[in-house]
Amino acid sequence: MTTLDTDFVRAQFPAFAESSLRGQAFFENAGGSFTCQPVIDRLTRFYRSRKVQPYGPYEASRLAGEEMDEARARLAAMLGVKTDELSFGPSTTQNAYVLAQAFRQWMSPGEAIVVTNQDHEANTGPWRRLADEGIEIREWAIDPETGHLNPEDLAELLDENVRLVCFPHCSNVVGEVNPVVEITATAHAAGAFVCVDGVSYAPHGLPNVGEMGADIYLFSAYKTYGPHQGLMVMRKTLGEMLPNQAHFFNADTLYKRFTPAGPDHAQVAASAGMADYFDALADHHGITGDAAARAGGVHTMMRAHETELLQPLLDWLAARNTVRLLGPRSAQGRAPTVAVDVGRPALEVARELAPHGIMAGGGDFYARRALQAMGVDPERGALRLSFVHYTSKAEIDRLLGALEKTL
Ligand SMILES: Cc1ncc(COP(=O)(O)O)c(C=O)c1O
């Protein structure tokens, strides 16, 4: 397998050349990543020369509309789904909210939805609120020690009443990668659809949603090197079955059915820059094939780099008996999103890390249910150290040095 060229990678991100950020290592990537150059270029170009109503009969408008279509088509191909199965909304939270309204109309009282307490609130709260409409909510609960979501426990929650299973590809505090293929197969066998929150996973490589089999897959472009958009894969079978949430005359256009807000034209267009970036990585590293294959190759390379950098951090934290490392101790099958209970308000520790050139976060990260279930007071919160493929070994060393002085 090709090794990721981090110099090449970092050259694609203006943040690394920014003097105001010099000497600071970024470890709050799970909150939002740096933006890659092609996205910034496209956003700037759009605002300068294409900022007109798109899809009109004049040149600037035609280019604007084409760029928006290009973003959807290229990213959908990378995700292994059809172009009209991918849509853009203001955020994942809002996309999930709209979906919950569609399911509310589609389901009957007495039918059930399975939710987890491992999720960010975005993929659990809107579903839980359907209890007010007579929908039964069943909680698939994590192990209080490890935060692990056991697929065997799901089987016990399923019966013919369950219409939907909502779960994260990876939690933003536990970090463990859940086996989406296996979980989806279990849900499908019981006649239920799945809604997967991929927000914490997608920054580590775009998954092949088509191959994984998920009916709905959500992620946020501002964490995958792009602009502030929520991306939603909605497979055709389910999308045509659920009631339309958009203007009545848009009901026949799958990618508009669950995004009632008017699109942010510039940001949708600029999202094509994420495809440029992943393609540039593929080209640079000699990865070939169709769009999904190239994205898959890039994904594998990113994960290998991250896994190598992650293990020393996990080992260091696991050996420190004044802190509790949440989630798995092995980098395999784990995202480099590492939350630790530091026994005092986590934000204080994040603040103390800042003068050492570490940008990290402390809080509940909207995963209050997961923290509570693991016995961590959400008010105290967790210190979160999250990185991605552009992080270097030198930055990990800097982090370990700063933790040594702070924890
Ligand atoms: C795992 C996870 N899901 C969902 C969200 C919500 O995404 P958005 O900010 O696009 O609504 C976040 C944001 O932090 C997240 O980390």
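Atoms within a ligand are numbered from 1 in the order they appear, just like the ligands themselves. In this text, all values refer to a predicted model and were calculated from it rather than measured experimentally.
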(request) Classify the ring geometry between His389 and Phe13 as parallel (under 30°), tilted (30 to 60°) or perpendicular (over 60°). (result) perpendicular
(request) Show the protein residues that qualify under the rule heavy atom under 4.0 Å from an atom of ligand 1, listing them in chain and number order. (result) Ser91, Thr92, Thr93, His120, Ala122, Asn172, Asp197, Val199, Ser200, Ser220, Tyr222, Lys223
(request) Name all pairs fulfilling the salt bridge (charged side-chain N to carboxylate O under 4.0 Å, His left out) condition that reach into residues 99-118, sequence neighbours left out, sorted by first residue then second. (result) Glu111-Arg163
(message) Is the ring pair Phe103/Trp127 parallel, tilted or perpendicular, if the boundaries are 30 and 60 degrees?
(response) perpendicular
(request) With sequence neighbours excluded, tell me which residues meet side-chain hydrogen bond (donor to acceptor under 3.5 Å, both in side chains) with Thr391. (result) none
Identify each donor-acceptor pair in which a side-chain atom of residues 14-21 lies under 3.5 Å from a protein atom, sequence neighbours left out, and give them as a table.
residue	atom	partner	partner atom	Å
Glu18	OE2	Ser20	OG	2.9

(message) For His120 and Tyr366, take the angle between the two ring planes, folded into 0 to 90°, and tell me which bin it lands in: parallel under 30, tilted 30 to 60, perpendicular over 60.
(response) tilted
